[in-house]
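Below is one structure, written out as structure tokens, with a few remarks after it.
Any value given below was found using the heavy atoms of this structure, including those in side chains, with hydrogens, waters and symmetry copies removed.
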Amino acid sequence: MQQRAEDPPSRRHHYVPQSYLRQWSFDGKRVWTLDTVTGISKPLGTSNVCVKENFYRVVGPDGSPHNRVELLFGVSIAVQRMRTLQQRRLHLQYDEWLLAQNPEQHQSIDNDAANPNRLAGIHTELLFKAMWEAADVLTTRQIEIWHDPQGRFMTCDAPVLVPFRHNVRPSLISSPYIVWPVSPYRVVALANDLSGRKALLRKATGSLVGTVQKGVEQGRERMIFATEEQCNRLPKDKPFRRRAQTRLRCSQRTPSGEIIPSPGCCVEWSQVFASAPDVSLCNRGLHAPAPKMWSHV
């Protein structure tokens with residue numbers, strides 16, 4: 001039905017749904033927001049945050065651009081993890097590295113004058129692929145509901161959090177928790193520490209609240225959202241010089257574990273909490289420098 005729906009009149013696409021942010025709103029329209037770039041904290045309308053013109057505008061099979069894709073992105077944990085501005089920026093960083101390695105064969109995923117909707121189309125395709133892959137991983141985890149009667153949970157503009165470990169973001173398989181604050185009082189956490197129960201309700205301790213707070217501060221792209229009661233807990237005076245960046249490392253094994261004969265190698269792409277992309281590759285002459293990666297910092 002959504003495929004056959006008429007093109008929505010609005011082209012302002014929210015990569016974090018307004019219905020989600022309203023859980024932190026004090027009047028149903030505004031939410032307290034900390035801009036970690038400017039350091040300014042103030043109420044902003046939910047219609048004016050985490051929004052970008054034509055963010056999901058793609059070209060259909062008939063060659064005509066449309067905005068119907070956004071209608072398919074319901075609030076599910078697998079989709080919400082990937083649909084953000086942060087994921088798009090990280091893909092652009094990695095794309096710049098691929099372009100530097102093979103400029104004759106690799107085509108940029110970024111827009112140009114001839115293809116103004118290319119990036120949205122590729123991001124959408126990657127999102128659906130990642131959604132199906134993530135579903136296999138997420139369904140094997142234990143569902144935990146962390147309940148905090150004091151309403152201390154915050155959120156951000158990349159609300160599904162895979163917390164960094166030693167400043168490196170682990171894979172979905174190895175991460176102890178995948179954390180999704182769904183209101184100031186509730187967090188959905190997918191845990192690897194299985195207790196034999198598929199779902200578990202836990203009263204939030206100070207440690208769990210701290211885990212979410214740190215995850216929000218490190219995992220955000222730019223904005224942190226809080227309720228009016230949480231304003232005094234917003235990290236207003238904290239410098240935010242780091243956020244998620246691309247991390248590249250060489251490995252002698254493929255992702256499936258096969259050994260790569262020397263002098264070859266496999267480049268592992270992951271994410272790091274840093275001020276710029278973290279690229280440390282072998283010096284065998286296999287890799288070209290990619291200075292344009294830093295333009296997407």
Side-chain angles (χ1 to χ4, degrees), residues 12-26 29-56 70 73 75 77 79-96 110-111 119-120 123 127 153-164 167-169 179-182 184 211-228 230-247 271-278 293-297:
R12 300 181 77 246
H13 298 162
H14 289 82
Y15 49 87
V16 178
Q18 294 186 73
S19 57
Y20 171 81
L21 290 177
R22 286 192 193 105
Q23 301 303 313
W24 281 264
S25 174
F26 56 89
K29 298 178 181 179
R30 292 173 295 169
V31 61
W32 274 93
T33 306
L34 171 63
D35 185 328
T36 60
V37 172
T38 65
I40 295 174
S41 173
K42 63 180 181 181
L44 292 177
T46 57
S47 62
N48 296 317
V49 294
C50 300
V51 62
K52 200 167 178 67
E53 190 86 3
N54 288 332
F55 192 69
Y56 299 116
E70 190 187 24
F73 294 158
V75 184
I77 191 166
V79 172
Q80 189 57 65
R81 186 180 72 89
M82 294 295 297
R83 67 182 288 189
T84 63
L85 193 66
Q86 181 177 103
Q87 286 298 316
R88 188 168 290 191
R89 176 177 59 82
L90 293 170
H91 279 298
L92 283 170
Q93 285 182 349
Y94 184 50
D95 180 65
E96 292 290 358
D110 207 352
N111 298 328
L119 180 56
H123 184 193
L127 193 154
F153 294 132
M154 297 181 185
T155 191
C156 63
D157 52 1
V160 177
L161 308 165
V162 181
F164 292 96
N167 287 339
V168 176
R169 183 171 278 166
V179 181
W180 187 23
V182 293
T211 295
V212 177
Q213 178 81 10
K214 183 178 180 181
V216 165
E217 292 180 11
Q218 291 187 338
R220 98 289 165 199
E221 178 68 0
R222 177 168 178 167
M223 303 291 192
I224 295 176
F225 304 107
T227 63
E228 198 164 29
Q230 295 170 329
C231 282
N232 61 338
R233 295 181 59 243
L234 280 170
K236 303 171 187 176
D237 301 321
K238 186 173 183 177
F240 286 89
R241 300 186 181 93
R242 296 184 291 173
R243 59 177 175 174
Q245 306 286 357
T246 287
R247 180 179 187 268
Q271 296 166 17
V272 64
F273 183 60
S275 58
D278 182 358
M293 286 182 70
W294 277 256
S295 66
H296 300 289
V297 170

Heavy-atom closest contact (Leu161 atom, Gly215 atom, distance) | CD2-O, 3.5 Å
Heavy-atom closest pair (Gly219 atom, Cys156 atom, distance to 0.1 Å) is C-SG, 4.4 Å
At what distance, to the nearest 0.5 angstrom, does CZ of Phe153 lie from OG1 of Thr211?
-> 9.5 Å
Taking only residues two or more places apart in sequence or in another chain, which ones pass side-chain hydrogen bond (donor to acceptor under 3.5 Å, both in side chains) with Arg89?
-> Glu221, Gln245
Close side-chain approach of Val168 to Asp278, heavy-atom, < 4.5 Å = no
With a 4.5 Å heavy-atom cut-off, do Gln213 and Pro235 have their side chains touching?
-> yes
What pair of heavy atoms forms the shortest contact from Met293 to Thr246, and how long is it?
-> CE-CG2, 3.9 Å
Counterpart residues, side-chain hydrogen bond (donor to acceptor under 3.5 Å, both in side chains), relative to Asp35 (two or more places apart) = Arg222
Could you state the interatomic distance from CZ (Phe164) to CD (Gln271), rounded to the nearest 0.5 Å?
-> 6.5 Å
Side-chain heavy-atom pair Arg30, Glu228 within 4.5 angstrom cut-off = no
Spacing of CG belonging to Leu85 relative to OH belonging to Tyr15, to within rounding of 0.5 Å | 4.5 Å
Which one of Arg242, Arg169, Arg247, Arg243 satisfies the side chain to side chain contact (heavy atoms under 4.5 Å, CB included) criterion with Val272?
-> Arg247
Looking at Leu21 and Phe225, what are the two nearest heavy atoms and their distance?
-> CD2-CD1, 3.6 Å
Hey, can you tell me if Tyr20 and Trp180 have their rings parallel, tilted or perpendicular (30° and 60° cut-offs)?
-> parallel
What distance do Leu234 atom CG and Thr33 atom OG1 have between them, rounded to the nearest 0.5 Å?
-> 8.5 Å
For Ser47, does its backbone N or O pair with a side-chain atom of Arg12 as donor and acceptor, under 3.5 Å?
-> yes
Are any of the side-chain heavy atoms of Ser19 and His14 separated by less than 4.5 Å?
-> no
Note: Arg220 and Phe273 closest approach over all heavy atoms is NH1-CE1, 4.1 Å
Please list, chain by chain and in numerical order, all residues satisfying side-chain hydrogen bond (donor to acceptor under 3.5 Å, both in side chains) with Asp95, sequence neighbours excluded.
-> His106, Ser108
Residue list, side chain to side chain contact (heavy atoms under 4.5 Å, CB included) with Ser25, at least two apart or on another chain = Asp27
Considering all heavy atoms, the nearest Lys42-Trp32 contact = CA-CZ3, 3.4 Å
Please indicate whether Lys52 has more than 12 foreign heavy atoms, meaning atoms of other residues, nucleotides or ligands, lying under 6.0 Å from its NZ.
-> no
Leu92 vs Asp110, side chain to side chain contact (heavy atoms under 4.5 Å, CB included): CA-CA, chis, key distance, verdict | CA-CA 7 Å; Leu92 283 170; Asp110 207 352; 3.8 Å; yes
His296 and side-chain hydrogen bond (donor to acceptor under 3.5 Å, both in side chains): which partner among Gln93, His91, Glu96?
-> Glu96
With sequence neighbours excluded, tell me which residues meet salt bridge (charged side-chain N to carboxylate O under 4.0 Å, His left out) with Lys238.
-> Glu217
Can you find a pair of side-chain heavy atoms, one from Thr84 and one from Pro159, that are under 4.5 Å apart?
-> yes
Find out whether Val16 and Gln80 are in side-chain contact, i.e. whether some heavy atom of one side chain is under 4.5 Å from a heavy atom of the other.
-> yes
What residues, two or more places apart in sequence or in another chain, satisfy side-chain hydrogen bond (donor to acceptor under 3.5 Å, both in side chains) together with His123?
-> Arg88
Between CG of Leu34 and CD of Gln230, what distance do you get to the nearest 0.5 Å?
-> 12.0 Å
Find out whether Asp157 and Val49 are in side-chain contact, i.e. whether some heavy atom of one side chain is under 4.5 Å from a heavy atom of the other.
-> no
Supply the atom-to-atom distance Arg83 CZ to Leu127 CG, rounded to the nearest 0.5 angstrom.
-> 8.0 Å
Do the non-hydrogen side-chain atoms of Gln18 and Val51 ever get within less than 4.5 Å of each other?
-> no
